[in-house]
Peer 1: 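First the structure, which I've put down as structure tokens, then a few questions once you've had a look.
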Amino acid sequence: MIYAALIGAAFSALPAFADSGSPVGLWKNIDDKTGKAKAEVRITEANGVLQGKIEKLFRPADQDQNPKCTACEGADKDKPLVGLSIINGMKKDGEDYSGGTILDPENGKVYKSKMKLADGGKKLEVRGYIGMPMLGRSQTWVRQE
């Protein structure tokens, strides 16, 4: 009887260790070069597709608090960064999310992207790349909710 209870307790604890969460929510974007927070991005999901919009910027008081994406092209050209969609078309692919793109508002370039939850869903590893994932940059974002 004790043995059965221990097995039951062990199986009920498994979900606590599983990284089965979703990236949907509010994330603090940490710059991979400086280690400082740059923005908060809200990731939403509709019909199995993820999108992420800038909700808040962390900028020095003497700088424009909502600059425009002057380096962007097409429909995003000169749009304010707050409210700008920077993650588009991401879909679940096993434990990862891929098949979408990420926009770097600093240079206006759009990159292929992969994302993966880490640390029990508290962190999100975001990679933007050209061609192959090994040719890119990674950031670790921190969940805010």
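These values consider heavy atoms only, across backbone and side chains, with no hydrogens, waters or symmetry-generated copies. We count residues from 1, following the sequence as given.
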Peer 1: Taking atom CG of Leu103 and atom OG of Ser85, what is their separation to the nearest 0.5 Å?
Peer 2: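 So the CG of Leu103 and the OG of Ser85 are separated by 8.5 Å.
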Peer 1: Walk me through whether Ser138 and Asp32 qualify under side chain to side chain contact (heavy atoms under 4.5 Å, CB included).
Peer 2: CA-CA 7 Å; Ser138 293; Asp32 56 308; over 6 Å; no
Peer 1: Mind checking the NZ-CD1 spacing from Lys53 to Ile43? Nearest 0.5 Å is all I need.
Peer 2: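 Interatomic distance, Lys53 NZ to Ile43 CD1, rounded to 0.5 Å: 13.0 Å.
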Peer 1: Tell me whether Val24 shares a hydrophobic cluster with Val49, the cluster being built from Ile, Leu, Val, Met, Phe, Trp, Tyr side chains joined at under 4.5 Å.
Peer 2: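 In one cluster: no.
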Peer 1: Looking at Val82, is its backbone amide N or carbonyl O close enough to the side chain of Asn66 to form a donor-acceptor pair, meaning the two atoms are under 3.5 Å apart?
Peer 2: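 Yes, the answer is positive, given that a donor and an acceptor are paired below the 3.5 Å cut-off.
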Peer 1: Answer yes if the side chains of Gln51 and Thr44 hold a donor-acceptor pair under 3.5 Å, and no otherwise.
Peer 2: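 Short answer, no.
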Peer 1: Can any side-chain N or O of Arg127 pair as donor or acceptor with the backbone N or O of Met115 at less than 3.5 Å?
Peer 2: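 No.
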Peer 1: What heavy-atom pair brings Gly121 and Trp27 nearest, and what distance separates the two atoms?
Peer 2: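 For Gly121 versus Trp27, the nearest heavy atoms are O-CH2, 3.5 Å.
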Peer 1: Surrounding NZ of Lys91 (heavy atoms of other residues, nucleotides or ligands, distance under 6.0 Å), is the total greater than 12?
Peer 2: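 Atom NZ in Lys91 is not packed in, count stays at 12 or less.
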Peer 1: Suppose clustering is done on Ile, Leu, Val, Met, Phe, Trp and Tyr with side-chain heavy atoms closer than 4.5 Å. Which residues sit in the same group as Met134?
Peer 2: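 Grouped by the 4.5 Å side-chain rule, Met132, Leu135 form the rest of the cluster around Met134.
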Peer 1: Under 4.0 Å between a Lys/Arg side-chain N and an Asp/Glu carboxylate O for Lys28 and Glu55?
Peer 2: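 No, no charged N to carboxylate O under 4.0 Å.
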Peer 1: Hey, are the side chains of Leu117 and Arg143 touching, using non-hydrogen atoms and a 4.5 Å cut-off?
Peer 2: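 Yes, their side chains come closer than 4.5 Å.
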Peer 1: Could you walk me through whether Glu73 and Asp76 pass the side chain to side chain contact (heavy atoms under 4.5 Å, CB included) check?
Peer 2: CA-CA 6 Å; Glu73 297 179 357; Asp76 291 333; over 6 Å; no
Peer 1: Quick one: does Asp31's side chain have a donor or acceptor within less than 3.5 Å of a partner on Thr34's backbone?
Peer 2: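 Judged by distance alone, yes, a pair lies under 3.5 Å.
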Peer 1: Heavy-atom count around Lys109 NZ within 6.0 Å, excluding the residue itself: above 12?
Peer 2: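 Counting other residues, nucleotides and ligands, NZ of Lys109 stays at 12 neighbours or fewer.
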Peer 1: Go through Ile86 and Ile54 one step at a time and tell me if the side chain to side chain contact (heavy atoms under 4.5 Å, CB included) criterion holds.
Peer 2: CA-CA 7 Å; Ile86 63 167; Ile54 297 174; 3.8 Å; yes
Peer 1: Over all heavy atoms of both residues, which pair between Cys69 and Pro105 is shortest? Give the atoms and the distance, please.
Peer 2: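 For Cys69 and Pro105, the tightest heavy-atom pair comes out as SG-O, 3.8 Å.
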Peer 1: Output yes when a side-chain donor or acceptor of Lys92 lies under 3.5 Å from a complementary backbone atom of Gly94, and no otherwise.
Peer 2: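 Present.
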Peer 1: Looking at Asn47, I want to see if its CG is surrounded by more than 12 non-hydrogen atoms of other residues, nucleotides or ligands under 6.0 Å.
Peer 2: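 Not buried by this count: 12 neighbours or fewer within 6.0 Å.
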Peer 1: Using modelled atom types and a 3.5 Å cut-off, is there a donor and acceptor pairing between side-chain atoms of Lys79 and backbone atoms of Lys68?
Peer 2: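 Not at all, since once roles are kept as given, no pair shorter than 3.5 Å links the two residues.
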Peer 1: For residues Ser113 and Val126, determine if any side-chain heavy atom of one lies less than 4.5 Å from a side-chain heavy atom of the other.
Peer 2: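 Counting from C-beta outward, Ser113 and Val126 do come under 4.5 Å.
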Peer 1: Using a 3.5 Å distance criterion without hydrogens, assess whether the side chain of Arg42 forms a donor-acceptor pair with backbone atoms of Gly52.
Peer 2: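 Flag not set: sc Arg42 to bb Gly52 has no pair under 3.5 Å.
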Peer 1: Does any non-hydrogen side-chain atom of Pro67 lie less than 4.5 Å from one of Leu57?
Peer 2: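 The answer is yes; the side chains approach within 4.5 Å.
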Peer 1: Check this for me: Gln63, atom CD, are more than 12 non-hydrogen atoms of other residues, nucleotides or ligands nearer than 6.0 Å?
Peer 2: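 Count over threshold, so yes.
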Peer 1: How many angstroms lie between atom CG of Asp78 and atom SG of Cys72, to the nearest 0.5 angstrom?
Peer 2: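 The CG atom of Asp78 sits 8.5 Å away from the SG atom of Cys72.
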Peer 1: State whether Asp104 and Arg137 are salt-bridged, where the test is any N-O pair (Lys NZ or Arg NE/NH1/NH2 against Asp/Glu carboxylate O) under 4.0 Å.
Peer 2: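 Answer for the salt bridge query: yes.
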Peer 1: Rounded to the nearest 0.5 Å, how far apart are CD of Gln65 and CZ of Phe58?
Peer 2: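 Rounded to the nearest 0.5 Å, the CD-CZ separation comes out at 11.0 Å.
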Peer 1: If you take all heavy atoms of Trp141 and Ile30, which pair is closest and at what distance?
Peer 2: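 Where Trp141 meets Ile30 most closely, the heavy atoms are CD1-N, 4.0 Å.
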Peer 1: At what distance, to the nearest 0.5 angstrom, does CG of Leu81 lie from CD of Glu106?
Peer 2: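 Separation between the atoms: 9.5 Å.
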Peer 1: State the OG1-CG distance between Thr140 and Asp119, to the nearest 0.5 angstrom.
Peer 2: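 Rounded to the nearest 0.5 Å, the OG1-CG separation comes to 10.0 Å.
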Peer 1: Do the side chains of Gln139 and Asn29 get nearer than 4.5 Å, heavy atoms only?
Peer 2: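 In contact.
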Peer 1: Can you list the steps and then say if Thr101 with Asn88 is a side chain to side chain donor-acceptor pair (under 3.5 Å)?
Peer 2: CA-CA 5 Å; Thr101 60; Asn88 291 291; 4.5 Å; no
Peer 1: Where the side chain of Glu45 meets the backbone of Ser22, is there a donor-acceptor pair that is under 3.5 Å apart?
Peer 2: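 Here the side-chain-to-backbone pair does not exist.
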